[in-house]
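Some notes on the structure that comes next.
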Number of protein chains: 2
Amino acid sequence: MITIKDISKKCGVSPATVSKALNGYDDISPETAALVRRTAKELNYMPNAAARLLKTNRSHNIGVLFIDDSMSGLTHEYFSHILNSVKEESEENGYDITFISKNIGKQKMSFLQHCRYRNCDGVVIANVDFQNPEVLELVNSEYPVVTIDFSYDNASSVNSDNQEGSYTLASYIADRGHRKIALIHGERTLVTQKRISGFKTAMAERGIEIPPEYIAEATYHDVESVRKATAAMLDLDDPPTAIMFPDDYAFMGGRTEIIERGLNIPDDISVCGYDGVNLAKIIDPKLTTWEQNTDQLGRIAVDKLIEKIENPDTAIPEYIVVRGRMYKGETVKQI
Amino acid sequence: MITIKDISKKCGVSPATVSKALNGYDDISPETAALVRRTAKELNYMPNAAARLLKTNRSHNIGVLFIDDSMSGLTHEYFSHILNSVKEESEENGYDITFISKNIGKQKMSFLQHCRYRNCDGVVIANVDFQNPEVLELVNSEYPVVTIDFSYDNASSVNSDNQEGSYTLASYIADRGHRKIALIHGERTLVTQKRISGFKTAMAERGIEIPPEYIAEATYHDVESVRKATAAMLDLDDPPTAIMFPDDYAFMGGRTEIIERGLNIPDDISVCGYDGVNLAKIIDPKLTTWEQNTDQLGRIAVDKLIEKIENPDTAIPEYIVVRGRMYKGETVKQI
DNA sequence: CATTGTATCGAATACGTTTTCGTAGATTTA
DNA sequence: TAAATCTACGAAAACGTATTCGATACAATG
């Protein structure tokens with residue numbers, strides 16, 4: 001490992017001078033600065049992040065808090081896309097990312113402790129139980145925090161337009177002539193509330209009455225639960241002509257149920273999903289859905305976080321909504 | 001931030017003693033050791049990883065080198081599962097992971113440089129161009145390295161049983177009466193070579209002649225390329241009765257082509273995929289495929305890497321094969 | 001010529017640990 | 001009882017860097 005000292009020797013200057021030259025201080029003559037930089041390249045010098053961190057208290061490391069249970073968020077397509085853009089935007093700005101978990105080795109530690117241990121400069125939080133005491137502890141700590149799809153009042157948040165998306169899908173279906181529209185939604189999180197609200201607004205605006213049994217709860221990303229909910233819906237005395245599903249992936253459960261009953265999509269029943277993941281576009285017929293802008297969600301979250309990290313005092317909490325867009329697909333029939 | 005010194009003051013001992021007590025040295029009396037540990041808990045002490053690293057040269061940080069281009073490996077289900085198990089196994093052993101990329105901020109750096117900058121203790125490499133000079137530079141560096149699905153001779157590797165998997169699928173199809181079996185494979189990587197080899201072995205063992213046009217190249221994970229290859233296959237004068245696809249996801253392209261021609265799976269044509277990702281099990285009919293054991297692949301890679309990190313001298317390179325298993329599905333018809 | 005100002009650099013310290021080595025006191029041994 | 005051995009602890013140095021502040025040399029100014 002080659003250090004600042006090696007460079008100083010080779011250049012005949014002090015380590016202090018090397019450090020300054022490398023960091024662009026202006027009390028170094030242009031000539032020596034150039035010399036230092038040149039030999040640094042020659043020797044293939046890399047600053048030691050740990051030493052630097054120890055002095056500056058800046059790790060250039062962003063903590064990422066995703067769901068910690070069983071199947072990690074990594075395997076959800078929606079979140080793996082967000083993670084990917086978080087990672088890329090971080091790297092483009094000179095930051096690495098570290099997954100924050102509570103079990104690191106035999107040591108059980110809190111999220112906050114993990115952050116401290118790794119000296120994260122800030123944290124992006126997504127897809128967790130936002131009421132979890134440990135998450136709250138982190139949010140209320142000294143750490144800059146940005147949340148995705150949830151909003152605390154002391155931290156910036158980046159939000160997918162769930163109300164809008166759901167509203168638009170519901171409107172689209174209604175405007176293609178449907179009057180008996182059902183919604184199968186996920187667990188009652190904030191995101192879900194907004195989707196339900198968007199759905200109801202669209203219905204209300206058109207004077208469409210939705211009986212309570214047309215709104216059912218299932219579990220996000222859980223094929224089996226959605227299949228059951230779909231079966232129940234189809235078993236109603238007066239079944240809907242269109243069903244909105246909690247997400248594209250879980251829709252596959254409903255799809256199986258529909259197909260196995262010998263029904264055709266969209267001739268016998270219209271459907272739509274949510275997310276706009278790849279899956280929607282490669283199945284047949286292509287699934288009408290709402291494409292969430294995962295790329296922007298991740299990038300903006302990181303941008304806002306870095307803003308806060310680098311200007312802890314001036315940066316104020318923002319509530320940002322990222323617009324998605326409809327993917328029309330082929331699963332909503334005009335009637 | 002509370003340090004070792006705070007504890008030392010509160011306990012009336014020296015910082016050295018605190019450090020030793022916390023690290024289980026045996027030249028500390030049980031009483032003081034207990035006292036130190038107790039107050040450490042009380043004060044909610046967390047060691048500073050940077051300072052520790054600076055002294056010990058051990059970061060407890062594992063570099064993860066996944067594909068760096070465009071769409072990251074994160075969005076491939078196979079690799080996101082591996083990544084997930086790499087992450088979990090690392091954490092269970094007290095390590096965090098860091099993505100190794102070449103663009104960190106404005107600084108372009110090599111993979112090796114990035115590792116050095118972050119003081120990784122070792123690196124897991126998967127899903128990259130293994131002949132890339134920068135990857136080779138890393139492999140031939142001082143760093144402990146473990147590769148997944150590729151093998152260098154100076155590093156341990158963990159390999160999915162591609163030959164075996166392909167062989168087993170091909171045999172299964174043949175043993176259900178098929179004689180005209182086609183293989184659409186991915187780019188010619190080592191993995192692909194093994195799959196082709198497994199396929200040919202199974203055919204040869206049964207004395208089945210495979211004409212060259214029954215073996216076609218497409219691109220992994222590329223729905224469109226596979227769709228085209230499928231179309232070409234179906235256009236043959238003497239089309240196959242069964243097609244093996246490069247992976248479950250890309251199979252969806254072939255599936256669309258088949259369905260749009262009014263053919264039925266498996267009545268008119270039998271198919272199988274590869275990977276065993278969730279998708280295979282939620283489509284209808286369920287896709288016959290080979291489940292790669294992503295969980296073990298990731299975990300063993302990390303175990304072997306840590307072994308090497310902690311015993312740099314005694315640990316010798318191993319070539320490890322992880323067995324998958326067949327998922328029978330419903331897409332191969334008995335004829 | 002004396003003074004002030006400017007440009008360039010280096011000595012020293014600190015960040016929070018780990019680890020070597022020394023030492024004071026207690027205990028055992030001869 | 002003197003010497004040898006243990007036990008328990010602390011002083012100090014080191015890891016690689018950033019940064020303050022003083023020092024030096026020289027130019028400019030009056």
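Predicted model, so just to flag it, every value in this text is computed and none were measured. Chain naming here is simple, since letters A, B, ... match the order of the sequence lines and numbering starts at 1 in each.
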Please list, for nucleotides 19-26 of chain D, all pairs of protein and nucleotide N/O atoms separated by less than 3.5 Å.
residue: D:dT19; atom: OP2; partner: A:Y25; partner atom: OH; Å: 2.5

> When you measure from every atom of DNA chain C, which of residues 4-12 of chain B have a heavy atom less than 4.0 Å away?
Replying inline: B:I4
> Side chains of A:Y78 and A:D149: is there a donor and an acceptor less than 3.5 Å apart?
Replying inline: yes
> What residues, two or more places apart in sequence or in another chain, satisfy side-chain hydrogen bond (donor to acceptor under 3.5 Å, both in side chains) together with B:Q296?
Replying inline: none
>> Using modelled atom types and a 3.5 Å cut-off, is there a donor and acceptor pairing between side-chain atoms of A:N159 and backbone atoms of A:V321?
In response: no
> With A:Y220, which residues qualify under side-chain hydrogen bond (donor to acceptor under 3.5 Å, both in side chains), at least two apart?
Replying inline: A:T192
> In chain order, what residues pass the ring-ring contact (aromatic ring centres under 6.0 Å, His included) check against B:H221, with sequence neighbours excluded?
Replying inline: B:H76, B:Y249
>> Applying side-chain contact (heavy atoms from CB on, under 4.5 Å), can you list everything that pairs with B:R118, at least two apart in sequence or on another chain?
In response: A:A49, A:H60, A:N61, A:D96, B:T98, B:H114, B:C120
>> Rounded at 0.5 Å granularity, tell me how far CE in A:M1 sits from CD in B:E142.
In response: 8.0 Å
>> Can you give me the closest heavy-atom contact between A:I97 and A:S90, atom names plus distance?
In response: CG2-OG, 3.6 Å
> In dot-bracket notation, what is the pairing pattern of DNA chain D, taking Watson-Crick (N1-N3 plus N6-O4 or O6-N4) and G-U wobble (N1-O2 and O6-N3) contacts under 3.5 Å, with [ ] crossing and | for other strands?
Replying inline: ||||||||||||||||||||||||||||||
> Please give, in whole Å, the distance from D:dG16 P to A:R58 CZ?
Replying inline: 23 Å
> Just one of A:L297, A:I62, A:V302, A:T294 clears the side-chain contact (heavy atoms from CB on, under 4.5 Å) bar with A:V86, so which one?
Replying inline: A:V302
>> Tell me which pairs pass salt bridge (charged side-chain N to carboxylate O under 4.0 Å, His left out) where either residue lies in residues 54-66 of chain B, with sequence neighbours left out.
In response: B:R58-B:D121, B:R58-B:E310
>> Using OP1 and OP2 only, check whether a side-chain N or O of B:S14 sits under 4.0 Å from D:dG10.
In response: yes
>> With heavy atoms of chain A within less than 4.0 Å as the criterion, where does contact along DNA chain C begin and end?
In response: C:dT8 to C:dG16
> Does a salt bridge link B:D295 with B:R299, judged by any charged N lying under 4.0 Å from a carboxylate O?
Replying inline: yes
>> Please check: side-chain N/O of A:T39 versus main-chain N/O of A:L35, any donor-acceptor pairing under 3.5 Å?
In response: yes
> Does B:I125 have any side-chain contact (heavy atoms from CB on, under 4.5 Å) partners at least two apart in sequence or in another chain, and if so, which?
Replying inline: B:L65, B:V123, B:V128, B:F130, B:V135, B:L138, B:V139, B:V145, B:T147
Check: residues 25-32 of chain B side-chain donor-acceptor pairs under 3.5 Å, at least two apart:
residue: B:D27; atom: OD2; partner: B:K20; partner atom: NZ; Å: 3.2
residue: B:S29; atom: OG; partner: B:E31; partner atom: OE1; Å: 3.3
residue: B:S29; atom: OG; partner: B:T32; partner atom: N; Å: 3.3
residue: B:S29; atom: OG; partner: B:T32; partner atom: OG1; Å: 2.8
residue: B:T32; atom: OG1; partner: B:S29; partner atom: O; Å: 3.0

> Do the side chain of A:N132 and the main chain of A:E134 share a donor and acceptor less than 3.5 angstrom apart?
Replying inline: yes
>> Can you list, in residue-number order, the parts of residues 43-52 of chain B that come under 4.0 Å of DNA chain C, counting heavy atoms only?
In response: B:Y45, B:M46, B:P47, B:N48, B:A51, B:R52
> Tell me: CD1 of B:I28 to C1' of D:dT7, nearest whole Å?
Replying inline: 10 Å
